[in-house]
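Please read the structure below before turning to the comments.
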Amino acid sequence: MKTTRPIAGILLALLTATVRAADTNLPALVPLPQKMALLPGRFQFQQSTEIEMDPMAASAGRYLSDQLRKSTGFRNGRFVNDPEHPRVRSANATPHNSIFLTTNAFGSQTNQAVSDLGAEGYELEVWPNVVHIRASAPGGFFYGVQTLLQLLPPDVFSPTVVSNVSWSIPCVKIEDQPRFKWRGWMLDVSRHFFTKPEVEQMLDAMAMQKLNVFHWHLTDDQAWRIEIKKYPRLTEIGAWRKESGFNLDPKASTAYGKDGRYGGFYTQNDIREVVKYAADRNITIVPEIETPGHATAALMAYPQYSCTGGPFTTDLPGGVFNGIYCVGNDASFTFVEDILSEVFALFPGKYIHIGGDEVTTNNWHDCPKCQARMKKEGLKNDVELESYFVRRLEKFINAHGKTLIGWSEIRDGGLAQNAVVMDWVGGAVEAASAGHDVVMSPLEECYLDHYQSKDTNAEPYAIGGYLPLGNIYAYEPVPANLPPQFAQHILGAQGNEWTEYMPNLKHVQYMAYPRLCALAEVDWSPKDSRDWDDFVRRMAVHFERLRSRGINFRNNLTKGG
Ligand code: ACM
Ligand code: ZN
């Protein structure tokens with residue numbers, strides 16, 4: 001049951017945080033916008049408040065209207081110029097108290113070029129009678145709306161109506177756009193399965209912090225989660241284990257099939273719905289199909305594409321295993337390419353993640369086909385054989401208009417021509433200096449499966465490591481030793497959530513939040529605006545927003561955890 005939270009509670013949260021005097025009056029936005037100034041007065045949301053939008057802003061306008069209806073009970077869905085709601089201003093509508101989402105300059109602006117905001121930038125002006133959001137693309141409108149929602153009391157994120165709240169916001173002028181274009185979060189759904197509604201709830205949470213890339217780690221040794229029509233055994237067999245594994249309490253998870261097996265998968269219909277859900281929140285999904293290693297689940301279903309012929313089992317602990325594709329067999333390429341063809345059709349985004357990490361090559365040594373391939377292609381060692389595999393896949397991926405992305409190890413033996421590197425154990429400087437784009441997700445700074453505190457006994461069991469909130473907040477994605485002319489190749493930073501020891505959604509959320517809020521600020525806000533005390537002040541309010549959304553989080557705002 002939702003209870004009303006008095007405004008005083010929020011003020012108290014503001015007052016108890018240590019803050020720089022100059023910042024205390026500014027709204028507690030996360031991530032911090034580029035430029036923000038308070039204006040006199042307040043805007044009061046009412047039952048009669050109209051939302052008017054250009055067609056470009058239709059999706060963001062509907063999102064705003066839906067969220068307001070859920071939490072305030074106001075029915076503000078008066079859409080003007082919305083192709084899906086061809087309604088027109090009603091005769092008795094007040095001309096004042098309106099929210100405009102428009103590509104045009106507002107009254108207070110000179111004739112600025114709209115393009116200077118970029119695809120995700122926006123301007124927001126709040127006056128006592130009117131709110132203006134200007135952007136030049138749907139993503140910018142969506143973020144203008146997110147900021148507008150954060151100006152409201154945190155209860156606005158509630159899924160049900162909250163009464164006795166004054167739905168008013170301070171007048172402000174905000175000009176904002178992200179520092180980086182890749183603001184990512186990776187979820188491993190192989191070690192444990194998370195349902196479509198659970199994934200969608202996490203997309204909602206991402207959107208609150210303006211994160212825009214969901215890297216969906218769909219396959220690994222312990223399970224295969226995406227329906228592939230041509231190879232039904234991938235999910236009939238590969239999506240399941242005998243038990244939840246990892247020495248966990250079997251009752252900590254609910255992902256059991258009707259037959260008692262542990263696991264689950266997404267149908268292609270599920271995937272299409274999640275892709276749409278994400279797109280409505282300005283989130284691109286990057287699917288990962290792990291190759292040539294971490295492929296045990298696929299090879300349990302189709303062992304003929306391994307070097308040994310199997311058998312394989314998904315009932316594995318954490319670690320690195322011999323479930324790798326046979327690179328000497330052309331049929332393995334056909335298999336992977338058939339799978340990728342179905343993946344291309346489901347995910348409209350540009351990037352296809354092919355994994356590439358932690359390949360154990362023992363099987364290749366003992367395989368006549370792999371050895372013959374090496375001889376024929378003049379490959380000197382295992383890493384050159386892996387490089388051959390990745391380059392061959394890249395040709396296929398590029399021919400379908402997509403870009404290959406892979407983990408650090410895809411550099412070994414020679415990086416494929418147009419590949420993007422996801423740096424988890426190095427290679428960013430070398431790749432970016434050679435003109436490749438890079439996503440930063442280093443093990444030490446971006447791994448959300450690591451402990452949040454040194455007091456590990458007080459924390460849920462984790463894989464190891466130590467990544468307290470202060471460290472992720474202090475992270476700088478552009479490597480200090482990267483020559484500045486290559487800095488534009490650093491697309492942004494991403495938090496990786498490997499779920500071996502996270503068998504349920506609440507646990508996933510606990511490990512992600514608040515660390516993803518810190519990462520969002522690293523990815524979005526200007527580098528020189530980072531200020532730990534001010535972040536803590538704003539996060540105290542942001543915790544209320546997460547609570548309203550029903551997102552679990554580690555309720556601790558100390559730097560060292
Ligand atoms: C990884 O963490 N193995 C990419
Ligand atoms: Zn082989």
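Counting convention: from 1, in listed order, for ligands and their atoms alike. The first residue of the sequence shown is numbered 1, and numbering continues consecutively from there. As a basis for the values below, the full set of heavy atoms in this structure was taken, side chains included, without hydrogen atoms, waters or symmetry mates.
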Apex the Zn ion (ligand 2); atoms Cys307 SG and Cys326 SG; angle rounded to 10 degrees:
120°
Nearest non-hydrogen partners of Lys506 and Gly550, listed with the distance:
NZ-O, 3.1 Å
When you compare the side chains of Arg554 and Gln452, does any donor N or O come within less than 3.5 Å of an acceptor on the partner?
no
Asp357 neighbourhood, listing ligand 1 atoms whose heavy-atom distance to it stays under 4.0 Å
1 (C), 3 (N), 4 (C)
Trp498 neighbourhood, listing ligand 1 atoms whose heavy-atom distance to it stays under 4.0 Å:
1 (C), 2 (O), 4 (C)
On the 0 to 90° scale, with breaks at 30° and 60°, tag the Trp498-Trp407 ring pair as parallel, tilted or perpendicular.
tilted
Identified ring-ring contact (aromatic ring centres under 6.0 Å, His included) partner of Phe214 from the options Phe194, Trp185, Tyr277:
Trp185
Apex the Zn ion (ligand 2); atoms Cys367 SG and Cys370 SG; angle rounded to 10 degrees
110°
Ligand-residue contact atoms, ligand 1 with Glu358, heavy atoms, under 4.0 Å
3 (N)
Atoms of ligand 1 under 4.0 Å from any heavy atom of Tyr447, numbered from 1 in the order shown, are 1 (C), 2 (O), 4 (C)
May I ask you to check whether Glu288 and Trp216 show a side-chain donor-acceptor distance below 3.5 Å?
no
